[in-house]
Protein chains: 2
Amino acid sequence: MSTGRNEPAPARRTRQRSAVKDGLDRCEGFVSAQELHDRLRRDGQSVGLTTVYRALQALGEGGEVDSLVTDDGETVYRRCSPEHHHHLVCRSCGRTIEIAGPAVETWAHAVASENGFTDISHTLELFGQCGSCTSA
Amino acid sequence: MSTGRNEPAPARRTRQRSAVKDGLDRCEGFVSAQELHDRLRRDGQSVGLTTVYRALQALGEGGEVDSLVTDDGETVYRRCSPEHHHHLVCRSCGRTIEIAGPAVETWAHAVASENGFTDISHTLELFGQCGSCTSA
DNA sequence: GGTGGTTTTGACAATCATTTTCAACAAGCC
DNA sequence: GGCTTGTTGAAAATGATTGTCAAAACCACC
Ligand SMILES: [Zn+2]
Ligand SMILES: [Zn+2]
Ligand SMILES: [Zn+2]
Ligand SMILES: [Zn+2]
C-alpha cells in the first residue's frame, strides 16, 4: 500500500505462464486445461493443474486465447488472432479453422435491434467433418 | 425378448414426465434442470431431480425442447418450435426470442464446404439487453 | 547479492452440475 | 388380478473447475 491508488495489477513473467502459452501454441486445435496439463507433464515441463487453469483463464480474459464450452460442458482453449472471429471445428480430429463472417455480424446486430435489444454479443461455432477425416 | 427384432423402446406416459413438460411450458425463458425442479417442488408437484434431468434430456433428444450450454457450463432448456432456429436472450431477465436466420444457414454451409468440411452443424446464440431491462 | 513486500504456485480440499446405481414402483398388457 | 419391463428417486459417484493457504519465486530497491 505505497500509493493511494488502486493499481491494476503488475502481471509477472514466470516459467509456468510461458510454458502454458508455448504449450498452447504447439497445439493444433482446441485443448482443455487438463489436456494441456498432461501434455506439459509429458514434455517434462512441470506445471500444476491449478496454475494451468489460472493461466488459461487469464489469457482468455486478456484476449490472447479464445475459449469455448463444448456440448459436454468442458471449456477448451486455443491460441487465436485478436480480431473477432469464429471457428470451424472438426468433430473427429479437432482441427480448427478460423473464419470471419462480416455478414453474420451485421445480421446479428440488425436482428437484435429490430427486437429492441442492445449491447449485443453472440456465440457462433461451426462443427463438421474435415476433408482428411472424411477420406480416412 | 419375445421377438427377434430390436424394438426401439416403448416410452411410457407418467405423471413425472408430464409435470416436467408442463412445467417447462409455464417458463418464460430458458431454465436449468435444477431451477425447474425447484419450481415443480414449490408448485406441490413432487418429481425427483434425477427424473427432471432424464426427462429434459429425453425431450431434448426428441427435438421437443431446445437446450444450450451457458458460459458457466450449465445446460438450460426451453420449449421450442420444432423447426431449426436460434435465440436472442436477455442477459438480465432471461427473456428469449426465437429467431430464424436463413442467410446464416446458407452462409454456414458455404463457408464449411469451401474448407472441405461436410456434415455441418452449428451453434448460434445472440445475447443482449432487452428493451424493458434497458429502460428499467 | 542481500532484503522485504508481493505475487504466484501447487497439493489438497471443496463445489457443484450431472450421472450412475439399484431397489422399490407403476404402466401397459394378459 | 398378476407379469413384464420401463421408470423413479435417494443416495453415492463422477469429474471439471475453483478455493485455500503455506511455501516458493519475483522484483525493485538498497
Ligand atoms: Zn478432422
Ligand atoms: Zn461474430
Ligand atoms: Zn430483459
Ligand atoms: Zn442455424
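In what follows, chains carry the letters A, B, and so on, assigned in the order in which the sequence lines appear, proteins first and then strands, with residues in each chain numbered from 1. The figures here come from the full heavy-atom set of this structure, side chains too, leaving out hydrogens, waters and symmetry mates.
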(request) Check whether any side-chain heavy atom of A:Y77 sits under 4.5 Å from a side-chain heavy atom of A:D66, and report yes or no. (result) no
(request) Decide yes or no for A:C133 and A:R95: does some side-chain heavy atom of the first lie under 4.5 Å from some side-chain heavy atom of the second? (result) no
(message) Please verify the inter-ring angle class for B:H84 with B:H122; under 30° counts as parallel, over 60° as perpendicular, anything in between as tilted.
(response) perpendicular
(message) Can you tell whether the side chains of A:E64 and A:K21 come within less than 4.0 Å, N to carboxylate O?
(response) yes
Check whether any side-chain nitrogen or oxygen of [X] sits under 4.0 Å from OP1 or OP2 of [N], and answer yes or no.
X: A:T14; N: C:dT8; value: no
X: A:Q34; N: D:dG15; value: no
X: B:Y53; N: C:dT18; value: yes
X: A:Q57; N: D:dT18; value: yes
X: A:T50; N: D:dT18; value: no

(request) Supply the atom-to-atom distance B:L68 CG to B:E74 CD, rounded to the nearest 0.5 angstrom. (result) 11.0 Å
(message) Would a single hydrophobic cluster contain both B:I97 and B:L126, if residues Ile, Leu, Val, Met, Phe, Trp and Tyr are joined by side-chain heavy-atom contacts under 4.5 Å?
(response) yes
(message) Are B:L124 and B:I120 connected into the same hydrophobic cluster when the rule is that any two of I, L, V, M, F, W, Y join if their side-chain heavy atoms are below 4.5 Å apart?
(response) yes
Calculate the interatomic distance between [X] atom [atom1] and [N] atom [atom2]; express it in whole Å.
X: A:E74; N: D:dT18; atom1: CD; atom2: C1'; value: 16 Å
X: A:L68; N: D:dT17; atom1: CG; atom2: P; value: 12 Å
X: A:H37; N: D:dA16; atom1: NE2; atom2: P; value: 13 Å
X: A:L56; N: C:dT9; atom1: CG; atom2: C1'; value: 15 Å
X: A:E61; N: D:dT18; atom1: CD; atom2: C1'; value: 13 Å
X: B:L36; N: C:dT18; atom1: CG; atom2: P; value: 12 Å
X: A:R15; N: D:dA25; atom1: CZ; atom2: P; value: 9 Å
X: B:Y77; N: C:dA17; atom1: OH; atom2: P; value: 13 Å

Check every strand shown and say whether [X] touches a base, only sugar-phosphate, or nothing at a heavy-atom separation below 4.0 Å.
X: B:T75; answer: sugar-phosphate
X: B:T70; answer: nothing
X: B:E35; answer: nothing

(message) Minimum heavy-atom separation for B:V89 and B:F30, please, with both atom names.
(response) CG2-CE1, 4.1 Å
Polar-atom pairs under 3.5 Å, protein N or O versus N or O of nucleotides 22-24 of chain C: list them with distances, or write none.
none

Given [options], the nucleotide with the shortest approach to the side chain of [X]:
X: A:Q16; options: C:dG10, D:dT18, C:dT18; result: C:dG10
X: A:R17; options: D:dG9, D:dT17, C:dT8; result: C:dT8
X: B:V47; options: C:dT18, D:dT5, D:dG9; result: D:dG9

(message) Heavy-atom nearest nucleotide on DNA chain C for B:G73 versus B:R13: which residue maps closer to 5'?
(response) B:G73
